[in-house]
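Letters go in sequence order (proteins before strands), and every chain restarts at 1.
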There are 2 protein chains.
Amino acid sequence: MGNLSNRDTDRHIDRMAVPEVVINRLPQYVRVLKSLISDEIQVVNSQLLGKKLQITPTQIRKDLSYFGRFGKQGRGYSVNNLLEELKQILGLNYEWNVVLVGVGRLGRAILSYPGFNPDGFHLIAAIDNNPDLIGQEFNGLLVSSIDDLSSLVMKHNISIAIVSVPTTQTQQVIDRVIECGIESILNYAPTTPQVPTHVKITNIDPVISLQSMTYHLVN
Amino acid sequence: MGNLSNRDTDRHIDRMAVPEVVINRLPQYVRVLKSLISDEIQVVNSQLLGKKLQITPTQIRKDLSYFGRFGKQGRGYSVNNLLEELKQILGLNYEWNVVLVGVGRLGRAILSYPGFNPDGFHLIAAIDNNPDLIGQEFNGLLVSSIDDLSSLVMKHNISIAIVSVPTTQTQQVIDRVIECGIESILNYAPTTPQVPTHVKITNIDPVISLQSMTYHLVN
DNA sequence: TAGATTGTTAATCGATTAACAATC
DNA sequence: TAGATTGTTAATCGATTAACAATC
């Protein structure tokens, strides 16, 4: 045990923290690798990968080097192997259960979006505070009260929440979601909620995106 | 005229290019300023602004300094004035006409999203290649063929496209959109299209966002 | 072996932040 | 005037990239 623990320590010496910006690029690599597989391409080098993603080859190699040595000099990367490694790193070999909080117009559109399941993200519970909605089904999913969130999270091993509630309620809803032990939140409300450092939140806000585009149109 | 033109030149000497990352933060400032107005707060300093957005006060002052001097020492910024200045900078005092390309499930959800209009973005045309859809109306909007895009763009002075077509068609659709003179694209397809440098594209992809969250859940 | 491409170091570039004079 | 906060410079921090030895 002493030995094992030493080996483990050695392996971690000077192991750099991986910059967030690197982690955010990995899913893009996964997507391109998947498309290469459909194209029946078995080996890829950093140059081609870079071309597909408009990223320099050096950056791709540097990004990958945070996690290991996956390529062969003079040759490149096995598409299959690199894909599996990245899925492993990102935790994409698991199935992830997701709760939707807010079953209004936008929430229902999210429920009916078919793109989550094929990538292993399963909307398995739905929450709303509207008594008229609670007990109803949308896309085969029963709407529950937020009072049931904690037990739903435990029962279904939920680790991700997608939040689509009105702006005025977003902060308090997210506070409750975090109290239930959720540490990953995808927020569709047009606001920047405050969350503790251990919680990862990503905001999806098309209007904000449009508003920085218009800058380039007038300047 | 010679003088005028000289003054103009002087004003631009050493004028720094504004980093993209700064421009992307400005809409957030706009949003917070609007909420301060609803709260009837008339003056704000960089500290409060920073607290609301989890940004350092220095960064906010630095960001604003690319565009002018909007504050008063010892006091802060007039909420109203700063909001107007930022709207001016971002081009948010105009109404922007937008075309939706792709009227499938996701496209219809986008059409029915009520959040664009209040901020001056108007979905004014809809395009699809499905003959069964062309001629139909969704949310009061007639679906047209992509062959009509060019004339629609000119007729309605459209400068932004929202693209929600299947992944396989995204690149070719975006190529055509760009041919019609569109320079700002909000892309909902889960792919990274290649665009010329003068075109600004933003990708909205919830699955990619989820996939970088799971990294933190397993690491 | 010769050629190609990785993995990695060191240099460069760019963004953030600390510090403070200017000034309201 | 004293206190507060801006605007800006210079230092720091972090991310990208150029260059190249290692090696397939």
Whole-Å distance between D/dG14 C1' and A/Asp63 CG?
14 Å

Please determine, for the side chain of B/Arg69, which listed nucleotide (D/dT16, C/dT16, D/dG7) has the closest atom?
D/dG7

Please collect all salt bridge (charged side-chain N to carboxylate O under 4.0 Å, His left out) contacts where either partner lies in residues 171-181 of chain A, sequence neighbours excluded, each pair once.
A/Asp147-A/Arg176

A/Leu83 and side chain to side chain contact (heavy atoms under 4.5 Å, CB included): which single residue from A/Leu36, A/Leu33, A/Val32 fits?
A/Leu33

Mark yes when over 12 heavy atoms from residues, nucleotides or ligands other than A/Tyr94 sit less than 6.0 Å from its OH; otherwise mark no.
no

Rounded off to whole Å, could you give me the OH-to-P distance for the B/Tyr66 and C/dG14 pair?
11 Å

Residue-level proximity of residues 35-46 of chain A to DNA chain C when a heavy atom falls under 4.0 Å
A/Asn45, A/Ser46

Just how far, in rounded Å, is C1' of C/dT5 from CD1 of A/Ile60?
13 Å

Measure the distance from CZ on A/Phe70 to P on C/dT8 and round it to the nearest whole Å.
11 Å

So the side chain to side chain donor-acceptor pair (under 3.5 Å) pairs with at least one residue in residues 68-83 of chain B (sequence neighbours excluded) are none

Selected nucleotide, minimal atom distance to A/Lys62 side chain, candidates C/dT9, D/dT8, C/dT6:
C/dT9

If only side-chain N and O atoms of A/Tyr77 are considered, is one of them under 4.0 Å from the OP1 or OP2 phosphate oxygen of C/dA4?
no

Gap between atoms CD and P, on A/Gln54 and D/dT16 respectively (whole Å):
16 Å

Rounded to whole angstrom units, what separation is found between the CG atom of B/Asn24 and the P atom of C/dA15?
11 Å

For B/Leu49 and D/dA4, give me the distance from atom CG to atom P, rounded to whole Å.
20 Å

Establish, from distance only, whether the side-chain atoms of B/Gln171 and B/Thr191 form a donor-acceptor pair under 3.5 Å.
no

Restricting to side-chain hydrogen bond (donor to acceptor under 3.5 Å, both in side chains), what partner residues turn up for B/Thr170, sequence neighbours left out?
none

Output every pair passing salt bridge (charged side-chain N to carboxylate O under 4.0 Å, His left out) with a member in residues 184-197 of chain B, not counting sequence neighbours, ordered by first then second residue.
none

Just to verify, what does B/Asn117 make a side chain to side chain contact (heavy atoms under 4.5 Å, CB included) with, not counting sequence neighbours?
B/His122

By side chain to side chain contact (heavy atoms under 4.5 Å, CB included), A/Lys62 pairs with (sequence neighbours left out) A/Ser65, A/Tyr66

Salt bridge (charged side-chain N to carboxylate O under 4.0 Å, His left out) pairs touching residues 180-200 of chain B, sequence neighbours excluded, are B/Glu20-B/Lys200

How close or far is atom C1' of C/dT5 from atom CD of A/Gln59, stated in whole angstroms?
18 Å

Compare side-chain N and O positions of A/Arg25 against OP1 and OP2 of D/dA15 and report whether any pair is under 4.0 Å apart.
no

Enumerate the residue pairs fulfilling salt bridge (charged side-chain N to carboxylate O under 4.0 Å, His left out) with a member in residues 31-54 of chain A, sequence neighbours excluded, ordered by first and then second residue.
A/Arg31-B/Asp205, A/Lys34-A/Asp119

Can you list the residues that meet the side chain to side chain contact (heavy atoms under 4.5 Å, CB included) rule with B/Ala125, with sequence neighbours excluded?
B/Val99, B/Leu152, B/Ile158

If a pair means Watson-Crick or G-U wobble with both distances below 3.5 Å, what does DNA chain C look like in dot-bracket form, with | marking bases paired to a different strand?
..||||||||||||||||||||||

A correct 5'-to-3' footprint of nucleotides 18-24 of chain D, with B, S and - meaning base, sugar-phosphate only and no protein heavy atom under 4.0 Å, is BB--BBB

